[in-house]
Amino acid sequence: MEFSGALKMVHQLLLMRLPQARCIVDATAGNGKDTLFLATHSVTGARIWAFDIQEQAIINSKQLLLDNHCHNKVEYILDSHCNMDLYISGQVDIVTFNLGYLPGGNHNITTTGQTTVQALNKSIQLLRVNGIITVVAYPGYATGKEENNQVLKYVSSLPQSVFNVGCWQMLNQANEPPVLYIVEKKRGEVREGFASRED
Ligand code: SAM
């Protein structure tokens, strides 16, 4: 595999974790390519929640998974990822965000820094020990740059005693290439501002 971008890197990372994962969240379903990747590489019995605020995205994702016979693992949710805790009651192993707008859709309907940080905060609370959150952010356009700054600020503030946090970006590509953020929960300790659910 060529290491030529954040999307390739995140898929490699997910491949390492999917064999152990039972509860998986695709926070931004879009056209369903990432949901299909998760469904294809997860074990039988894994459950995937796929969120998007656009009906067209949910329709496209459902169709892609139906076409590939991976439909039965996935619950599609037409709602903001900020509300993921309303739909998911237990702990999750993986939450993945691919930020931005729906490819082929309206570029003005996009993830935003404020709601993404809210959703990250919900994800942190649902995350199981050894679970991971991945975020691919796109600083190459104005809204995406602002959002990337907010994501960077948020994940950088997570306590080192509870989380491993890192990021990855191509350094020799033009136009501010996408950034991959990785958050791994290493223990279930509750720290100020980051209530952790360990039920
Ligand atoms: N994972 C997708 C794929 O494989 O095709 C690509 C995701 S696309 C870059 C970003 C998606 O996030 C868009 O479809 C957009 O509608 C969705 N989105 C924007 N704000 C959202 C929110 N608050 N909650 C959930 N999805 C949101």
Side-chain angles (χ1 to χ4, degrees), residues 4-15 17-18 21 24-42 46 48-68 70-71 73-88 92 94-127 132-151 154-155 169 175-182:
S4 57
L7 284 176
K8 284 191 175 160
M9 283 299 285
V10 75
H11 281 184
Q12 288 306 306
L13 186 73
L14 291 171
L15 278 179
R17 294 306 182 100
L18 281 167
I24 301 161
V25 181
D26 184 349
T28 52
N31 289 322
K33 288 185 181 168
D34 293 316
T35 316
L36 178 61
F37 182 86
L38 297 169
T40 305
H41 296 285
S42 55
I48 301 168
W49 290 264
F51 289 86
D52 208 291
I53 51 169
Q54 295 191 67
E55 192 166 18
Q56 192 59 52
I58 296 294
I59 291 169
N60 294 353
S61 298
K62 261 187 195 168
Q63 191 58 53
L64 185 68
L65 275 96
L66 269 172
D67 291 346
N68 287 277
C70 291
H71 189 57
K73 284 181 180 173
V74 185
E75 192 172 326
Y76 306 89
I77 300 163
L78 179 59
D79 197 356
S80 172
H81 40 221
C82 295
N83 296 324
M84 64 173 79
D85 56 327
L86 302 181
Y87 302 89
I88 304 167
V92 299
I94 294 173
V95 186
T96 185
F97 293 77
N98 184 356
L99 302 178
Y101 47 78
L102 179 66
N106 182 345
H107 289 197
N108 294 320
I109 306 175
T110 178
T111 54
T112 67
Q114 192 193 0
T115 49
T116 298
V117 166
Q118 279 174 25
L120 282 171
N121 206 29
K122 294 276 174 79
S123 307
I124 291 282
Q125 291 170 44
L126 290 169
L127 198 65
I132 57 164
I133 300 169
T134 66
V135 183
V136 175
Y138 295 84
Y141 67 107
T143 318
K145 192 179 187 67
E146 171 58 26
E147 180 174 38
N148 179 55
N149 289 339
Q150 291 190 43
V151 170
Y154 176 79
V155 298
Q169 185 183 34
N175 304 326
E176 305 210 51
V179 187
L180 166 62
Y181 296 97
I182 303 149

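Whatever order the structure lists them in is the order used to number ligands and atoms, beginning at 1.
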For N106, is the CG atom crowded, meaning more than 12 foreign heavy atoms sit under 6.0 Å from it?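 Yes, enclosed.
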Is it true that, when you exclude E75 itself, more than 12 heavy atoms of the residues, nucleotides or ligands shown sit nearer than 6.0 Å to its CD?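 Correct, the count exceeds 12.
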Heavy atom of A119, distance to ligand 1 below 4.0 Å: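 Checking ligand 1 against A119, which is what was asked, there is no heavy-atom contact under 4.0 Å.
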Taking the non-hydrogen atoms of L99, is any one of them nearer than 4.0 angstrom to ligand 1?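 Per 4.0 Å heavy-atom rule, L99 contacts ligand 1.
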Protein heavy atom at shortest distance from [atom]:
atom	result
atom 11 (C) of ligand 1	D52 OD2, 3.5 Å
atom 2 (C) of ligand 1	A29 O, 3.2 Å
atom 23 (N) of ligand 1	S80 OG, 3.1 Å
atom 19 (C) of ligand 1	T111 CG2, 3.4 Å
atom 24 (N) of ligand 1	H81 N, 3.0 Å
atom 6 (C) of ligand 1	N98 ND2, 3.8 Å
atom 4 (O) of ligand 1	D34 N, 2.9 Å
atom 27 (C) of ligand 1	I53 CG1, 3.8 Å

Could you tell me whether [X] approaches ligand 1 through its side chain, its backbone, both or neither, with non-hydrogen atoms closer than 4.0 Å?
X	answer
T112	neither
S61	neither
T116	neither

Applying side chain to side chain contact (heavy atoms under 4.5 Å, CB included) to V135 and V10, what does each step give before you reach the verdict? CA-CA 8 Å; V135 183; V10 75; over 6 Å; no
Without swapping roles, check the side chain of [X] against the backbone of [Y] for a donor-acceptor pair under 3.5 Å.
X	Y	value
T115	T112	yes
D26	T28	yes
N68	C70	no
T111	G100	yes

Per-atom contacts of ligand 1 with [X], taking only distances under 4.0 Å to non-hydrogen atoms:
X	value
Y101	8 (S), 9 (C), 10 (C), 13 (C)
K33	3 (C), 4 (O), 5 (O)
Q54	15 (C), 16 (O)
A27	25 (C), 26 (N)
N31	3 (C), 5 (O)
G32	3 (C), 5 (O)

Given the side-chain rings of F51 and Y87, with only the six-membered ring counted for Trp, is the space between their centroids under 6.0 Å?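 Yes, close enough.
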Output field: ring centroids Y141/Y101 closer than 6.0 Å: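 Yes, close enough.
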Purely on distance, is any nitrogen or oxygen of T28 under 3.5 Å from one on ligand 1?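 Yes; the residue has a nitrogen or oxygen that sits under 3.5 Å from a nitrogen or oxygen of the ligand.
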Quick one: are L7 and N98 in side-chain contact, heavy atoms under 4.5 Å?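 Touching, per the 4.5 Å side-chain cut-off.
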Hey, does K73 have a side-chain heavy atom less than 4.5 Å from the side chain of L38?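 No, every pair of side-chain atoms sits at 4.5 Å or beyond.
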Donor-acceptor pair between D52 and Y76 side chains, under 3.5 angstrom: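 D52 vs Y76: no donor-acceptor pair found between side chains.
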